[in-house]
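Report on one structure; see the data block that follows.
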Amino acid sequence: MEAWFPYFLEWGSMLLRWLHVTTAIAWIGSSFMFMHLDASLRKQKNMQPGVYGVSWQVHGGGFYEMSKYTLAPAVMPDHLTWHKWQSYWTWISGFSLLCWVYYGQSTFFLIDPAVMPLAPWQAAIVGIVALALGWIVYDLLCKSPVAKNDSLLALVGFGYVVLTSYVFTLLFSGRGALIHTGALMATMMTANVFFIIMPNQRKSVAALIAGQTPDPKWGKESKQRSTHNNYITLPVLFMMLSNHYPVTYSNARIIPALVTLVIIAGALVRYFYNMWHGDHDKAPWWAWFVAAAAIWAAFWVCMAASPGMRDVIGLGPAPPASMASANLPKAPADVVNVVSTRCAMCHAPEPVFEGIGEAPKGVLLDTPEHIAKFAPAIRAQAVMTHAMPPNNITEMTPQERAVLAKWLAGDKVAQK
Ligand code: HEC
């Protein structure tokens, strides 16, 4: 491995994330925009034939009069903008990021040998197959008799997502489980656009051009899927951000409960806005209270399950962690010595450093096995850059960094 490769990995991760966040803003922004537009349509005098309603908007110094044709205009316009690439690129960039960070550096982020001792290539295959399978089962649900009833389908779909989050905790680390739950929901969203909404739209347009009436079931099916997309948007964003916050994933056992509460909160906030845009007077204000209660519950569930916080809130000491580390690679003694004195006060299951409640970013550096496991991250933070210790608060010396550098240059784990 070239010496610059880990540096390249970090830059690649940064650039992919930039792309991913940008495309996701464009996608979710346009999706919110159209939900709002739909809800703000009003009847007015002298509407064109086939127009269901009109919405007036002001933006950027001009006025827009937007009309919605429920089926299609009598004559197809020459220029028609399709909104699909925002969605596709969000998925493409997100999947690339998943491969780059989680499958490319899986010993660090994805694999927890105490859960399932997967090899990196196995972990990648399990993840990708799970995403594909997860979509197929959801799609079958949407095509089953359950789907005749929108509310029943929503409820079953909700239970299904929570179940998948549980299954992911049986395969991956907590962090890996939560990001895969988010990735599966996001895959469902883009696949809804790619496999259902777009083809149905194309069939309708083709029928209109041929002078036929489009089958109303196409529109109904698309509407059902796009409503799902709308309600899972906010929960997905939570899952995507969760990997930066170990307070959300450090105890994998509570992940299904967390996912349940976050979906309730996120979906209710969307529900409020969908109603509010339609008619301010009918806005369900109670939704905010229930959503806040769900987040409050999530906060407590996570805190009660956190090894570092149980004692603080009077639940007694945490049960001992499982020791499945008998034959894992270990860092050598000189490295352990440096890391124990300069890093482990913060990066431990129960940090002793003032103000640190949980191992930052889930990075544990308290045992020789953990130090070996996090080798690539230690390189990025303490050798390649001097980001850690923060502001060199624990006064790490250049000689100590050299010890790490020497180990990382020759270490098998670090070179994976
Ligand atoms: C004073 C407490 C403290 C000490 C000491 C400390 N860290 Fe950290 N570490 C943090 C915090 C806080 C973060 C989260 C930074 C952030 O949010 O960007 C972090 C994050 C990290 C990360 C994850 C970075 C990421 O973005 O994923 C690694 C790896 C890491 N530290 C390694 C180390 C190493 C190696 C040492 C010792 C050389 C060390 N830390 C010492 C507090 C500490």
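Each ligand, and each atom within it, is numbered from 1 in the order the structure gives.
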Query raised in the report: Is there a donor-acceptor contact under 3.5 Å from the side chain of Ser31 to the main chain of Trp27?
Result: no

Query raised in the report: Given the rule in the side chain to side chain contact (heavy atoms under 4.5 Å, CB included) test, do Val403 and Val335 qualify, once you have shown the distances and angles that lead to the verdict?
Result: CA-CA 6 Å; Val403 170; Val335 171; 4.1 Å; yes

**Report entry** atom 2 (C) of ligand 1: the protein heavy-atom neighbour that sits closest, reported with distance to 0.1 Å
**Finding:** Cys346 SG, 1.8 Å

Requested in this report: Go through ligand 1 atom by atom and flag the ones less than 4.0 Å from a non-hydrogen atom of Thr394.
Outcome: 5 (C)

Query raised in the report: When the ring planes of Trp135 and Phe195 are compared, do they come out parallel, tilted or perpendicular, using 30° and 60° as the limits?
Result: parallel

Report summary line: Residue, atom and distance of the protein heavy atom nearest atom 28 (C) of ligand 1 read Gln381 CG, 3.5 Å

Report task. For His20 and Gly94, indicate whether the former's side chain and the latter's backbone hold a donor-acceptor pair under 3.5 Å. Result -> yes

**Report entry** Atom nearest to atom 8 (Fe) of ligand 1 - His347, N, O or S atoms considered
**Finding:** NE2

Query raised in the report: Hey, is atom 8 (Fe) of ligand 1 within less than 2.8 Å of some N/O/S atom on Met388?
Result: yes

Query raised in the report: Using the ring of each side chain (for Trp, its six-membered ring), is Phe34 parallel, tilted or perpendicular to His83, with breaks at 30° and 60°?
Result: perpendicular

**Report entry** From the candidates Asn243, Val339, Val363, the one that places a heavy atom nearest atom 22 (C) of ligand 1
**Finding:** Val363

Query raised in the report: How about Tyr88 and Trp91: are their ring centres within less than 6.0 Å of each other?
Result: no

Report summary line: If we number the atoms of ligand 1 from 1 as shown, the ones under 4.0 Å from a heavy atom of Ala377 are 29 (C)

Report task. Compute the ring centroids of Phe272 and Trp285, then answer whether they are less than 6.0 Å apart. Result -> yes

Query raised in the report: Between Pro390 and ligand 1, which residue portion shows a heavy-atom distance shorter than 4.0 Å: side chain, backbone, both, or neither?
Result: side chain

Requested in this report: For atom 17 (O) of ligand 1, find the nearest protein heavy atom and state the residue, atom name and distance (0.1 Å precision).
Outcome: Lys361 CE, 3.2 Å

Requested in this report: Assess the pair Phe109 and Trp100: is the distance between their ring centroids shorter than 6.0 Å?
Outcome: no

Query raised in the report: Touching ligand 1 at all, Leu365? Heavy atoms, strictly under 4.0 Å?
Result: yes

Query - Contact with ligand 1 for Phe353, non-hydrogen, under 4.0 angstrom - result: yes

Requested in this report: Provide the number and element of each atom of ligand 1 under 4.0 Å from a heavy atom of Met396.
Outcome: 38 (C)

**Report entry** Parallel, tilted or perpendicular, as decided by the 30° and 60° cut-offs, for the rings of His180 and Phe172
**Finding:** tilted

Query - Close-contact set for ligand 1 against Ile393 heavy atoms, below 4.0 Å - result: 1 (C)

Report task. Run down the list Ala344, Cys343, Pro360 and name the one with the heavy atom closest to atom 34 (C) of ligand 1. Result -> Cys343

